[in-house]
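The structure under discussion appears below in the form of structure tokens.
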Amino acid sequence: MKKVILAYSGGLDTSCCVAWLKQQDLDVITYTADLGGEQDFAHLKKNAKSCGVSKVYIQDLKAKFLTEFVFPALRAGAIYEGKYPLATALGRPLIAEGLVEVAHRERAEYIAHGSTGKGNDQVRLEVSVGALDKNLKTIAPLREWHLKTRAEEIEYANSQDIKVAVSKKSPYSVDMNLWGRSIECGVLEDPTLEPPEEIFQLTKNPLKCANKPTYIWIDFAQGIPIKLNGKSFSAVALVAKLNKLAGACGVGRIDLVENRLVGIKSREIYEAPAAVVLHLAHQELERLVLDKETTQFKRIVAEKYAQLVYNGLWHSPLKRALDKFVEKTQKKVSGQIRLKLYKGSCVCVGRKSPHSLYKKELATYEAGDQFDRSAAEGFIKIWGLPYK
Ligand code: ARG
């Protein structure tokens with residue numbers, strides 16, 4: 001029997017995928033990556049087993065996700081269309097790597113996933129899988145089968161003797177990992193409406209947050225966050241802690257009408273407390289230590305990097321080349337940023353670095369000024385010459 005590795009979430013959709021793939025005479029092995037989405041893995045395993053899959057893989061990739069995917073994107077300043085820190089998008093190429101690795105280990109011919117036919121994730125997964133091994137074939141049951149509604153799926157699952165403990169269905173589609181939570185569907189599909197409070201899980205309603213600000217400081221070493229309030233943490237612990245801390249201050253809510261890769265606009269709500277704080281802090285530190293040309297050019301790179309990640313091109317030559325550029329710019333991005341979190345806002349209120357290019361003796365308007373004002377006259381004469 002030919003084998004297929006299915007990216008499995010444990011829910012109804014992917015459980016129906018198991019049944020459907022088995023009907024195509026395939027031996028189904030499930031693969032699940034733990035990126036910090038707080039799933040119930042015991043429950044997931046039970047569901048998978050009850051669907052009759054032959055093997056269940058669950059991998060803890062939280063640390064790898066942060067150090068090899070999230071932090072490179074953070075150093076690049078990658079935020080899609082100025083707002084989305086790319087939590088879901090950054091997870092897909094890693095999941096693709098996991099799928100391919102297991103496919104090789106199991107000598108499987110196929111990879112399958114439960115993405116719908118109109119999202120970005122199908123593209124990201126399949127492009128990455130193809131880039132890693134062009135001989136693997138992908139199957140996307142949701143693009144092929146006739147099941148249209150959830151009721152039809154449940155009926156199909158029952159007819160196939162699949163006993164998935166179906167949780168009470170929320171109207172929302174949610175994806176979550178350590179870098180953030182993405183929420184869509186239901187009332188959110190009407191962009192004129194404010195999102196209801198019930199959709200939020202990582203962030204407290206700013207109106208209900210403490211009446212006094214919370215001050216924190218973050219230490220970076222070469223563009224990577226290493227300390228929170230003076231204490232060293234592992235990547236996973238630092239991001240998890242920051243999600244709690246900033247989330248409790250209502251920081252990290254994002255409401256975005258975005259341009260999908262597949263041509264449509266969609267409205268998505270994100271919660272990304274740690275990502276919002278870390279991007280802001282990292283950017284403020286760069287303002288202090290990078291020279292003017294690099295600071296300004298890097299914004300262009302950030303925009304492109306975000307587009308590449310969003311568009312499923314993590315495993316591409318341009319993305320790898322941009323990584324090298326970014327790495328080079330981060331040599332001196334070390335130092336400390338102080339932030340003030342208050343009722344949903346996050347602002348930088350202090351910065352410090354041994355590589356700071358800010359020179360008080362040149363900037364000051366007070367005593368001790370060393371700026372050569374006499375040189376200004378000649379400079380302006382030449383600079384303005386073309387406009388005369
Ligand atoms: N729009 C986001 C992206 O393309 C998130 C997609 C997944 N969202 C979800 N609610 N399941 O990366």
For Glu268 and Tyr84, run side chain to side chain donor-acceptor pair (under 3.5 Å): C-alpha distance rounded to whole Å, both residues' side-chain angles, the deciding distance at 0.1 Å, then the answer.
CA-CA 10 Å; Glu268 187 121 26; Tyr84 168 39; over 6 Å; no
Verify same cluster id: [X], [Y] (apolar side-chain graph, 4.5 Å):
| X | Y | value |
| --- | --- | --- |
| Leu125 | Leu308 | yes |
| Val333 | Val301 | yes |
| Trp217 | Leu280 | no |
| Leu136 | Leu6 | no |
| Leu339 | Phe233 | yes |

So does [X] have more than 12 non-hydrogen atoms from other groups sitting under 6.0 Å from [atom1]?
| X | atom1 | value |
| --- | --- | --- |
| Lys359 | NZ | yes |
| Phe41 | CZ | yes |
| Glu366 | CD | no |
| Glu361 | CD | yes |
| Lys331 | NZ | yes |
| Lys298 | NZ | yes |

Any side-chain heavy atom of [X] sitting closer than 4.5 Å to one from [Y]?
| X | Y | value |
| --- | --- | --- |
| Val326 | Pro72 | no |
| Glu327 | Arg75 | yes |
| Gln23 | Trp145 | no |
| Thr32 | Gln39 | yes |
| Leu285 | Arg351 | no |

Run Ile139 and Glu144 through side-chain contact (heavy atoms from CB on, under 4.5 Å) and show every step you take.
CA-CA 9 Å; Ile139 312 175; Glu144 293 189 36; 4.0 Å; yes
Distance, nearest 0.5 Å, that separates [atom1] of [X] from [atom2] of [Y]:
| X | Y | atom1 | atom2 | result |
| --- | --- | --- | --- | --- |
| Ile58 | Lys45 | CD1 | NZ | 5.5 Å |
| Thr88 | Asn120 | OG1 | CG | 9.5 Å |
| Phe71 | Ile224 | CZ | CD1 | 7.0 Å |
| Glu153 | Leu12 | CD | CG | 4.5 Å |
| Leu278 | Leu242 | CG | CG | 5.0 Å |
| Leu357 | Leu288 | CG | CG | 7.0 Å |

Between Glu152 and His146, is a side chain to side chain donor-acceptor pair (under 3.5 Å) present by the stated rule, with each step listed?
CA-CA 9 Å; Glu152 280 176 24; His146 55 282; 6.0 Å; no
On the 0 to 90° scale, with breaks at 30° and 60°, tag the Trp314-Phe69 ring pair as parallel, tilted or perpendicular.
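The rings of Trp314 and Phe69 lie parallel, inter-plane angle below 30°.
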Stepwise, does the ring pair (Phe, Tyr, Trp, His ring centres under 6.0 Å) test hold for Tyr270 with Tyr80?
CA-CA 12 Å; Tyr270 300 102; Tyr80 186 64; 9.6 Å; no
side-chain contact (heavy atoms from CB on, under 4.5 Å) involving Val123 - partner list, sequence neighbours excluded
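For Val123, the residues satisfying side-chain contact (heavy atoms from CB on, under 4.5 Å) (neighbours in sequence not counted) are Val127, Leu261, Val262.
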How about Phe297 and Phe325: are their ring centroids closer than 6.0 Å?
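Under 6.0 Å, so yes.
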Which pairs pass salt bridge (charged side-chain N to carboxylate O under 4.0 Å, His left out) with one or both residues in residues 299-321, sequence neighbours excluded?
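Found Lys319-Asp323.
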Has [X] got a side-chain atom pairing as donor or acceptor with [Y]'s backbone, closer than 3.5 angstrom?
| X | Y | result |
| --- | --- | --- |
| Asp25 | Met1 | no |
| Glu271 | Thr203 | yes |
| Asp34 | Gln59 | no |
| Tyr8 | Val18 | no |
| Lys83 | Asp255 | yes |
| Asp219 | Ile226 | no |
| Lys22 | Cys51 | yes |
| Glu184 | Ser173 | no |
| Thr67 | Ala63 | yes |
| Arg267 | Asp190 | yes |

Are any of the side-chain nitrogens in Arg92 or Asp175 under 4.0 Å away from the carboxylate oxygens of its partner?
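Yes.
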Does a side-chain N-to-carboxylate-O contact under 4.0 Å join Arg143 and Glu126?
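Salt bridge flag = yes for Glu126 with Arg143.
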Arg253 vs Glu197, salt bridge (Lys or Arg N to Asp or Glu O under 4.0 Å): CA-CA, chis, key distance, verdict:
CA-CA 11 Å; Arg253 293 187 175 185; Glu197 208 41 47; 2.8 Å; yes
Give a yes-or-no answer on whether the side chains of [X] and [Y] include a donor-acceptor pair shorter than 3.5 Å.
| X | Y | result |
| --- | --- | --- |
| His355 | Ser353 | no |
| Glu286 | Gln330 | yes |
| Asn211 | Lys343 | yes |

Walk me through it: do Tyr342 and Cys209 pass the test side-chain contact (heavy atoms from CB on, under 4.5 Å)?
CA-CA 8 Å; Tyr342 181 63; Cys209 291; over 6 Å; no
Can you check side-chain contact (heavy atoms from CB on, under 4.5 Å) on Val70 and Leu178, steps first, answer last?
CA-CA 9 Å; Val70 169; Leu178 274 167; over 6 Å; no
What's the shortest heavy-atom distance between [X] and [Y], and which atoms?
| X | Y | result |
| --- | --- | --- |
| Ala73 | His279 | O-CE1, 3.9 Å |
| Pro85 | Ile254 | CD-CD1, 3.7 Å |
| Val56 | Ala48 | CG2-CB, 3.7 Å |

Tyr310 six-ring centre to Arg260 NZ/CZ under 6.0 Å and within 45° of normal
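Geometry flag: not set, cation outside 6.0 Å or 45°.
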Does Thr329 form a side chain to side chain donor-acceptor pair (under 3.5 Å) with Thr294? I'd like the steps, not just the answer.
CA-CA 8 Å; Thr329 63; Thr294 308; over 6 Å; no
When you look at Lys265 and Asn259, which way does the side-chain contact (heavy atoms from CB on, under 4.5 Å) test go after all the steps?
CA-CA 5 Å; Lys265 285 190 191 293; Asn259 289 297; 2.7 Å; yes
